[in-house]
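The residues of the chain are indexed from 1 along the displayed sequence. Counting starts at 1 for both ligands and their atoms, in listed order.
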Amino acid sequence: MGHNAPYRLICRKERRASRDAAFPHLVRIGPASVGGPTPVVIAGPCAVESREQTLAVARAVKAAGAVLLRGGAFKPRTSPHDFQGLGVPGLEILAEARAETGLGVVTEVMDPRLVEQVGRYADCLQIGARNMQNFALLREVGRFGKPVLLKRHWGATLDEWLGAAEYVAAEGNLQIVLCERGIRTFTQGGYNRFTLDLNVVPAVRRATFLPVIVDPSHATGDTEMVPSAARAGIAAGAHGLIIEVIGPEADPDKALCDGYQAITPAVLAEIVRDIRPREEQERSSRPFPRRA
Ligand code: PEP
Ligand code: MN
């Protein structure tokens, strides 16, 4: 970090120098702690489409090992003619899914005027890539105080992204999780939707004490590429994943949003198994507990 870095409240070096006892920095979202040794898995549909769809996906991702449920009730769509999300009824459905499964809820807020309303239902407020530098929104979620998932814009440098996080921190809220979700490069339209910037994961960890997760779904835009991108993200040092999943019996072609990048709960379960910390994997594969 140069001395002109646009952030200091979230700076790793300064926090370490202050010998803060609360280190490593954990972000607590519902039943999850993000930033510790166990990767946190956030999974669910791109959009809340109906009660039946969302409850089915929630039960399935819970069984697969996710601890937090994702799902947009307010969707940032490229065209105003596309499905925009169910709005407040969608939030009610997410709350019902939480009550039934115990999963914490992560959902997007796009409008500073709706932070209070979305924040009544959410355990974590997601700021989407398109709103990464919506400074009024960043300040509002900072003041609100609930955990924030800040996605990186596909054209943002590391400093721009961390500068955006600093806006939330400047309002007194350090409960921030960063999310790399793919950047725009020359490969678009070839074989993927965006390019997962794996290099940024260790770069984030060097620059800030805030945890960072990876979104392999938007980063690839391709169901078949999601598992390898997910594993690569964890190998690069990410503290967790946010993944789009469809119901066990759902047809991806009928999804109202991003069906082409959704995985099934069975594939999610394989990913969860693969990314467990090594000592946990060894413990569960040992036939007999080791004697002291
Ligand atoms: C999402 O996660 O629902 C989403 C819209 O992603 P992004 O903001 O990264 O495009
Ligand atoms: Mn999506």
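Put simply, no part of Arg152 is less than 4.0 Å from ligand 1, judged by heavy atoms.
Near Arg181, with a cut-off below 4.0 Å to any heavy atom, the atoms of ligand 1 are 7 (P), 9 (O), 10 (O). Near Gln126, meaning under 4.0 Å from one of its heavy atoms, ligand 1 places the atoms 1 (C), 2 (O), 3 (O). Applying the 4.0 Å criterion to heavy atoms of Gly128 picks out, from ligand 1, the atoms 8 (O).
For ligand 1, the polar-atom distance check against Trp154 finds no nitrogen or oxygen pair separated by under 3.5 Å. Checked against a 3.5 angstrom limit, the closest N/O atoms of Ala129 and ligand 1 fall inside it.
In this structure, SG on Cys179 lies 13.5 Å from NE2 on His239, to the nearest 0.5 angstrom. If you take OG on Ser217 and CG on Leu241, they are separated by 9.0 Å, rounding to the nearest 0.5 Å. Taking CG of Leu137 as the reference point, atom CG of Asn131 lies at 5.5 Å (rounded to 0.5 Å).
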Audit row: Thr208, Arg12, side chain to side chain donor-acceptor pair (under 3.5 Å) steps and yes/no: CA-CA 4 Å; Thr208 176; Arg12 169 174 291 276; over 6 Å; no
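When distances from the Mn ion (ligand 2) to the N, O or S atoms of Glu244 are compared, OE2 comes out shortest.
Put simply, the side chain of Thr223 gets close to the backbone of Ala262: a donor and an acceptor are under 3.5 Å apart.
Using a cut-off of 2.8 Å, one finds that His218 contributes an N/O/S atom close to the Mn ion (ligand 2).
Angle subtended at the Mn ion (ligand 2) by Cys46 SG and Asp258 OD2: 100°, rounded to 10 degrees.
Scanning all heavy atoms of the two residues, the minimum distance from Ile29 to Cys124 falls at CG2-CB, 3.6 Å.
The shortest contact between atom 6 (O) of ligand 1 and any protein heavy atom is with Lys151 NZ, 3.0 Å.
Between Arg70 and Glu244 there is a salt bridge, with a side-chain nitrogen of the basic residue lying less than 4.0 Å from a carboxylate oxygen of the acidic one.
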